[in-house]
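Reading through the structure tokens given below for one structure.
Worth knowing before you read on, the calculation uses all heavy atoms, side chains too, and leaves out hydrogens, waters and symmetry mates.
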Amino acid sequence: MFKLEVMIKAVRGTRDLLPPETALWNFVEAAVRDVFRAYNFHEIRTPILEETQLFARAVGEETDVVSKEMFTWEDRARAESEKGQSLTLRPENTAGVVRAYIEHKLWDRGLNKLYYIGAQFRRERPQKGRYRQFYQIGAEVIGPPSAGSESPARDAEILELLATLLDRLGIENWKLELNSVGCPNDRAAYNEALRKALEPVVGQMCADCQRRAVTNPLRVFDCKVPADQPIIETLPRISQFLDEPCRKHFEQVQEILKSVGVAFQLNDRLVRGLDYYSRTAFEFTHGALGAQNAILGGGRYDGLSESLGGPSAPGIGFAIGEDRLVLALEKSAAAVERKPDVYIAPLGAGMDRAAARLARELRCHDVVADLGDETFRLKKSFETATKLGARFILIVGENEVKADTFALKNLASGEQVSVPRVELAQRIQSNT
């Protein structure tokens with residue numbers, strides 16, 4: 001007797017990307033590559049598996065990412081000659097890019113403008129637009145100071161690129177929020193001031209804020225608990241602690257953005273919780289995403305290379321949550337998906353071969369063609385063509401093959417014409 005097995009489903013917090021949504025993802029990634037190419041960025045691909053110590057040193061031991069969210073395990077040695085090591089599925093990609101920069105001595109190339117598209121992994125609570133396996137589009141501009149990597153012009157170029165990209169994708173009403181988190185000395189003084197300001201009030205805040213007040217006070221500003229907001233409003237701001245070089249750098253970034261027409265809002269509550277950030281920090285937000293409204297974020301990380309054992313290599317970068325970006329574009333999915341231009345319906349025994357030849361010829365002319373089967377009755381072929389959303393149905397029968405002229409029917413208007421083989425692609429495309 002047949003035994004029904006329990007169906008295996010996708011792991012919680014992961015998902016399958018299916019048509020027509022994948023058409024939208026392809027549209028996004030094609031646009032991203034076009035924009036990056038215009039700004040002379042080059043693609044980099046790093047492993048999804050890295051040594052755990054990379055993230056502990058780069059991101060910070062006390063961050064939520066390292067302390068709570070990473071997928072980490074001990075890869076035990078399989079032979080006496082091997083050493084076991086702790087491995088982690090990458091929770092973000094900047095650390096891996098900087099690791100590759102150091103390992104392959106990319107500073108020999110001067111200023112490196114690199115971008116990536118790929119999966120990241122975090123053990124977070126799944127919610128709308130946030131998954132345990134998620135996808136990021138990111139870029140890093142990194143290099144030796146002599147290549148101009150410290151310049152505020154680099155910050156402004158990244159922000160202008162992002163404004164261009166969001167406009168190209170059709171994201172309307174985005175907002176750019178901007179802040180400076182200063183240099184390490186500024187942050188040390190600011191963290192101390194935050195701890196002192198939080199001491200008398202932190203007991204009234206949520207459990208996460210109570211923990212962050214001790215381990216990473218800057219992350220208190222990430223709190224979304226409504227009851228904590230009045231307390232957070234009274235806390236000192238990083239802008240009060242910037243030294244003169246950081247203040248001047250931030251002013252120059254703003255001046256360049258104004259000169260190129262990129263609108264922004266200053267937000268002195270905007271911080272980046274990862275340890276490697278310094279100076280310019282930013283987020284692009286969009287109202288369609290609800291309370292968690294950030295499409296992307298990033299900032300400068302001038303000391304990250306040194307913290308990983310590399311040379312001085314100031315940099316700035318960003319990461320776009322591709323899942324959330326696509327969510328903001330979902331209403332455009334129908335416009336992005338390209339449905340078949342023509343459904344080719346072979347009629348009768350032996351017609352599959354002729355239909356396949358026709359399909360190949362049409363596809364070589366960039367016609368999207370779907371292929372039926374010679375065993376289908378004509379009614380079934382019409383039903384299938386309609387279900388697929390094809391604009392035309394092309395009849396391939398014995399008489400049509402002998403005459404080298406085929407019946408082409410417009411499924412919307414009902415008009416049917418006979419078209420010579422050599423004119424088929426042009427006829428179909430002229431009605432595209």
Side-chain angles (χ1 to χ4, degrees), residues 31-32 34-41 94 111-115 137-143 145-183 186-187 190 218 221 233 236-272 276-289 293-302 314-321 324-325 328:
V32 163
D34 284 346
V35 170
F36 280 135
R37 193 177 299 117
Y39 286 75
N40 197 34
F41 277 74
T94 297
L111 187 65
N112 292 275
K113 301 169 79 173
L114 307 168
Y115 78 91
I137 298 165
E140 319 292 344
V141 180
I142 184 172
S146 60
S149 58
E150 287 183 294
S151 170
R154 302 283 76 78
D155 305 33
E157 182 183 33
I158 280 282
L159 293 166
E160 190 262 324
L161 177 155
L162 286 166
T164 299
L165 175 60
L166 295 180
D167 289 342
R168 174 78 66 87
L169 291 172
I171 299 285
E172 298 177 348
N173 302 317
W174 53 260
K175 291 181 181 178
L176 166 59
E177 296 186 353
L178 205 59
N179 195 20
S180 175
V181 295
C183 64
D186 299 338
R187 288 182 63 164
Y190 182 49
L218 277 173
F221 288 102
E233 283 296 330
R237 297 295 195 257
I238 185 66
S239 56
Q240 302 169 268
F241 293 82
L242 299 182
D243 63 19
E244 190 56 31
C246 289
R247 194 180 307 278
K248 186 176 180 181
H249 183 279
F250 192 44
E251 288 172 355
Q252 290 176 329
V253 173
Q254 295 174 62
E255 289 168 4
I256 298 172
L257 289 177
K258 289 175 183 176
S259 72
V260 296
V262 175
F264 61 89
Q265 298 174 352
L266 296 181
N267 178 2
D268 58 6
R269 289 183 58 177
L270 175 62
V271 297
R272 312 303 302 172
Y276 56 61
Y277 281 111
S278 60
R279 291 193 172 180
T280 306
F282 58 87
E283 277 187 356
F284 282 78
T285 61
H286 190 267
L289 297 174
N293 62 352
I295 299 176
L296 66 95
R300 181 164 279 282
Y301 47 85
D302 290 345
I316 183 170
F318 66 85
I320 302 173
R324 297 175 67 74
L325 180 63

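Summarising the geometry, atom CG belonging to Leu266 is positioned 9.0 Å from atom OG belonging to Ser239; distances are rounded to the nearest 0.5 Å. The distance from the CD1 atom of Ile320 to the CG atom of Leu162 is 5.5 Å, given to the nearest 0.5 Å. To the nearest 0.5 Å, atom OG of residue Ser151 and atom CD of residue Gln252 are 7.5 Å apart. Once rounded to the nearest 0.5 Å, the distance linking CG of Leu325 with CG of Leu166 reads 7.0 Å. Residue Ile316 holds its CD1 atom at 11.0 Å from CZ of Arg279, rounded to the nearest 0.5 Å. Atom SG of Cys183 sits about 8.0 Å away from atom CG of Leu242, to the nearest 0.5 Å.
Residues Trp174 and Ala263 approach most closely at CZ3-O, 4.1 Å, considering heavy atoms. Taking every heavy atom of both residues into account, Ser149 and Gly143 meet most closely at OG-O, 2.8 Å. Leu257 and Ala156 make their closest contact through CD2-O, 3.9 Å (heavy atoms, listed as atom of the first residue, atom of the second, distance). Of all the heavy atoms in Val253 and Pro152, the pair that sits closest is CG2-CB, 3.6 Å. Nearest approach of Tyr190 to Arg237, heavy atoms of both residues: CE1-C, 3.4 Å. Of all non-hydrogen atoms in Leu169 and Ala31, the two that sit nearest each other are CD2-CB, 3.6 Å.
Listed for the Asp167 side chain is no donor-acceptor partner under 3.5 Å among the backbone atoms of Thr164. A donor-acceptor pair under 3.5 Å is formed between the side chain of Asn179 and the backbone N or O of Leu270.
Relative ring orientation between Phe318 and Phe36 is described as parallel, the plane-to-plane angle staying below 30° on a 0-90° scale split at 30° and 60°.
Not a single ring pair (Phe, Tyr, Trp, His ring centres under 6.0 Å) links Phe282 to another residue, sequence neighbours left out.
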Walk me through it: do Arg154 and Glu157 pass the test salt bridge (Lys or Arg N to Asp or Glu O under 4.0 Å)?
-> CA-CA 5 Å; Arg154 302 283 76 78; Glu157 182 183 33; 3.6 Å; yes
Start with the C-alpha gap between Arg187 and Val181, add the side-chain angles, then the distance that decides, and say whether side chain to side chain contact (heavy atoms under 4.5 Å, CB included) holds.
-> CA-CA 7 Å; Arg187 288 182 63 164; Val181 295; 4.2 Å; yes
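More than 12 heavy-atom neighbours from other residues, nucleotides or ligands sit within 6.0 angstrom of CD on Gln240.
The ring of Tyr115 has its center no closer than 6.0 angstrom to the ring center of Phe41.
A salt bridge between Arg300 and Glu150 is absent, with no side-chain N of the basic residue lying under 4.0 Å from a carboxylate O of the acidic one.
Residue Phe284 forms a side chain to side chain contact (heavy atoms under 4.5 Å, CB included) with just one option from Leu165, Leu296, Ile171, and that option is Leu296.
Residues in residues 258-267 take part in these side chain to side chain donor-acceptor pair (under 3.5 Å) pairs, two or more places apart or across chains: Glu177-Asn267.
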